[in-house]
Amino acid sequence: MTSDPAEPASGGPARVTRRRFLGTTVAAAGVGAAVAVGVTSAVGGGSPATGEDTVPFSGEHQAGIATPVQDRLAFAAFDLTTTSRGDLERLLRNWTSAARRMVVGRELGRGEPDPLAPPVDTGEALGLRPSRLTLTIGFGPTMFDDRFGLSARRPVALADLPPLPGERLDPERSGGDLCIQACADDPQVAFHAMRNLARLGRGTVVLRWSQLGFGRTSTTTSGTATPRNLMGFKDGTRNIRGDDRTALDRFVWVGDDTDQPWMRGGSYVVARRIRMFIEVWDRASLQDQQDTIGRFKVSGAPLSGGREHDTPRFGDRTSNGPAIPDDAHIRLASAEENHGVRILRRGYSFTDGIDTSRGELDAGLFFIAYQRDPRTQFVPLQRRLGAHDALSEYISHTGSGLFACPPGVGGPDDFWGRSLLGAV
């Protein structure tokens, strides 16, 4: 192996190699300081993009929850590598500032770039529209340990999820101190946002696990055609709509009754990586598939009859028994069968290549659900589904995360989690 030359062959300034530059940078300042300086120079300035391809970043609630669901997802969970609350605050300030720029299509950095330093922005979104990019942050239960003096500010609703039937969780695809959900109509825009936040957090956070998603499997907008999941069925027909303020206030947004005032206007997200056994499903008869879901595959109508958006009639019977079987997915997941409980879903399909141990596709649903209190919403729903749902024969939960999503941010000086860190 030859060594990198320190001088150019002829004339001009000395070439600074990547290895030499990184060595001198780390020697001159700690990683955390380098990240902070880089972000400070990266944010601010310029005019925001306007039009239908942008979603407002500031507001009472975080964007990306009740926002009309975009086509693509990049989701990541991070672990904090610092024990300094000051480092945590700088990270959240820097991430918020960077997010403000990216959601309106601005690159990170302004002015003439330094040719001797790595680019502040990775560049793959240059020339692309914002594509309705939203960035949503959440704080995991492990962030509320003794490292940052936040244990007294952990909401009771952020209780660790108990073991649930039908799960085979991989620790390497579960948990995390923080999460970022990036949604956009362009996969490169979503990936760019996640990639750059990970870069800006280097030295303060490390990526724990991530998931890319395509083909939204639910809708949060009235009048929008219901998408299909990888099993070929329409998914999310009875989902909470983003314009249903009554349902959002009742089931999604944290209210004044919370034990932690900093969470008012926020929500809790449960993310589950659900593996679908596609090959087994594909061998099932059409009737078995429809009985498993409780809907007709082509029309999406409930097996009790009518059209897709008609309310299922769970009391209807045929000569063979209930029109919608007792173990059908839509019955066991319905509000009628769960004391009125509902959740807001924003799931995506995924495919991660081949499971070489089985010689089958590693594909399925990345389930994302927002709610006011997971203890009274997701947990009892999943217990019921995991124990009795006919769909359980064809799926397995392989990854899991629970995060508290704070309320939205205000003016330019506000940042994600300011209400949490404001007074401990």
Side-chain angles (χ1 to χ4, degrees), residues 48-59 61-77 95-96 98-107 124-138 179-198 210-230 234-237 239-244 248 252 267 269-274 343-351 363-371 401 403 405 408-409 416:
T50 58
E52 295 181 354
D53 61 351
T54 61
V55 177
F57 181 75
S58 301
H61 311 293
Q62 285 196 70
I65 299 176
T67 304
V69 183
Q70 303 93 320
D71 291 332
R72 303 292 181 138
L73 167 77
F75 190 99
W95 270 3
T96 305
R100 289 184 192 273
R101 294 186 66 87
M102 290 190 289
V103 298
V104 294
R106 298 177 187 161
E107 66 178 299
E124 70 271 27
L126 293 176
L128 300 179
R129 299 297 298 169
S131 300
R132 297 195 302 129
L133 172 67
T134 57
L135 291 162
T136 312
I137 196 170
C179 79
I180 294 286
Q181 171 195 279
C183 297
D185 290 327
D186 186 323
Q188 193 145 313
V189 170
F191 175 79
H192 167 266
M194 185 62 63
R195 175 185 180 185
N196 279 274
L197 291 181
S210 66
Q211 184 67 60
L212 298 179
F214 67 92
R216 57 189 175 85
T217 61
S218 62
T219 180
T220 58
T221 308
S222 300
T224 302
T226 309
R228 295 182 185 272
N229 59 28
L230 295 185
K234 292 190 174 186
D235 201 345
T237 296
N239 198 22
I240 295 174
R241 300 298 190 244
D243 56 1
D244 188 345
L248 291 172
V252 179
S267 190
V269 63
V270 174
R272 305 279 280 190
R273 185 180 187 273
I274 303 177
I343 54 178
L344 173 63
R345 292 185 288 139
R346 289 182 62 95
Y348 288 83
S349 297
F350 73 85
T351 178
L365 167 68
F366 191 70
F367 173 90
I368 301 173
Y370 287 92
Q371 61 231 273
F403 303 91
C405 301
V409 297
W416 280 327

**OP:** Please identify each residue that fulfils salt bridge (Lys or Arg N to Asp or Glu O under 4.0 Å) with D186, with sequence neighbours left out.
**Re:** none

**OP:** With sequence neighbours left out, write down each residue that passes salt bridge (Lys or Arg N to Asp or Glu O under 4.0 Å) with R132, or none if nothing qualifies.
**Re:** D185

Original post:
Can you name the residues that form a side-chain hydrogen bond (donor to acceptor under 3.5 Å, both in side chains) with N239, not counting sequence neighbours?
Top reply: none

**OP:** Could I get the full list of side-chain contact (heavy atoms from CB on, under 4.5 Å) partners for A74, not counting sequence neighbours?
**Re:** A182, A190, M194, L212

Subject >> From CD (Q211) to CD1 (I368), nearest 0.5 Å >> reply: 9.5 Å

Subject >> Where A63 and T134 come nearest, the two heavy atoms and their spacing >> reply: CB-CG2, 3.8 Å

Original post:
To the nearest 0.5 Å, how far apart are CZ in F57 and OG1 in T96?
Top reply: 5.5 Å

**OP:** Please report the shortest heavy-atom distance between I137 and Q62, naming the atom on each side.
**Re:** N-OE1, 2.9 Å

**OP:** Please identify each residue that fulfils ring pair (Phe, Tyr, Trp, His ring centres under 6.0 Å) with F75, with sequence neighbours left out.
**Re:** W209, F366

Subject >> Which residues share a side-chain hydrogen bond (donor to acceptor under 3.5 Å, both in side chains) with T237, sequence neighbours left out >> reply: E308

Original post:
Do you know which two heavy atoms are closest between P130 and V189, and how far apart they sit?
Top reply: O-CG1, 3.5 Å

Original post:
W416 versus W95: any side-chain heavy-atom pair under 4.5 Å?
Top reply: yes

**OP:** Mind checking the CZ-CD1 spacing from R272 to I274? Nearest 0.5 Å is all I need.
**Re:** 7.5 Å

Subject >> Partners meeting salt bridge (Lys or Arg N to Asp or Glu O under 4.0 Å) with R273 (sequence neighbours left out) >> reply: D352, D362

**OP:** Look up atom OG in S210 and atom CZ in R195, then write down how far apart they are to the nearest 0.5 Å.
**Re:** 13.0 Å

Original post:
Can you tell if the side chain of T217 reaches within under 4.5 Å of the side chain of F367, non-hydrogen atoms only?
Top reply: no

Subject >> Residue that, paired with D235, satisfies salt bridge (charged side-chain N to carboxylate O under 4.0 Å, His left out) out of R345, R216, R228 >> reply: R345

**OP:** Could you check if a side-chain atom of L197 sits within less than 4.5 angstrom of a side-chain atom of M102, using non-hydrogen atoms only?
**Re:** yes

Subject >> Passing option when L133 is tested against T54, D53, V103, V55 for side-chain contact (heavy atoms from CB on, under 4.5 Å) >> reply: V103

Original post:
So, the side chain of N196 versus the backbone of H192: is there a donor-acceptor pair under 3.5 Å, distance only?
Top reply: yes

**OP:** Report the C-alpha distance between Q70 and R346 in whole Å, list the side-chain angles of each, state the deciding distance to 0.1 Å, and finish with yes or no for side chain to side chain donor-acceptor pair (under 3.5 Å).
**Re:** CA-CA 9 Å; Q70 303 93 320; R346 289 182 62 95; 2.9 Å; yes

Subject >> Residues that F350 engages under ring pair (Phe, Tyr, Trp, His ring centres under 6.0 Å), provided they are two or more places apart >> reply: none

Original post:
For the atom pair OG (S349) and CG (L230), what is the distance rounded to the nearest 0.5 Å?
Top reply: 3.5 Å

**OP:** List the atom of Q371, the atom of I343, and the distance in Å for their closest heavy-atom pair.
**Re:** OE1-CG2, 3.9 Å

Subject >> Interatomic spacing from OG1 in T67 to NE2 in H61 - rounded to 0.5 Å >> reply: 10.5 Å

Subject >> For S58, side-chain hydrogen bond (donor to acceptor under 3.5 Å, both in side chains) partners two or more places apart >> reply: R100

**OP:** Report the residues that fulfil side-chain hydrogen bond (donor to acceptor under 3.5 Å, both in side chains) with S267, sequence neighbours left out, ordered by chain and then residue number.
**Re:** none

Original post:
Looking only at atom types and distance, does a side-chain atom of Q188 sit under 3.5 Å from a main-chain N or O of E124, one as donor and one as acceptor?
Top reply: yes

Subject >> Heavy-atom side-chain proximity of I180 to T136 below 4.5 angstrom >> reply: no

**OP:** Show your reasoning for whether side-chain contact (heavy atoms from CB on, under 4.5 Å) applies to V69 and Y348.
**Re:** CA-CA 10 Å; V69 183; Y348 288 83; 3.4 Å; yes

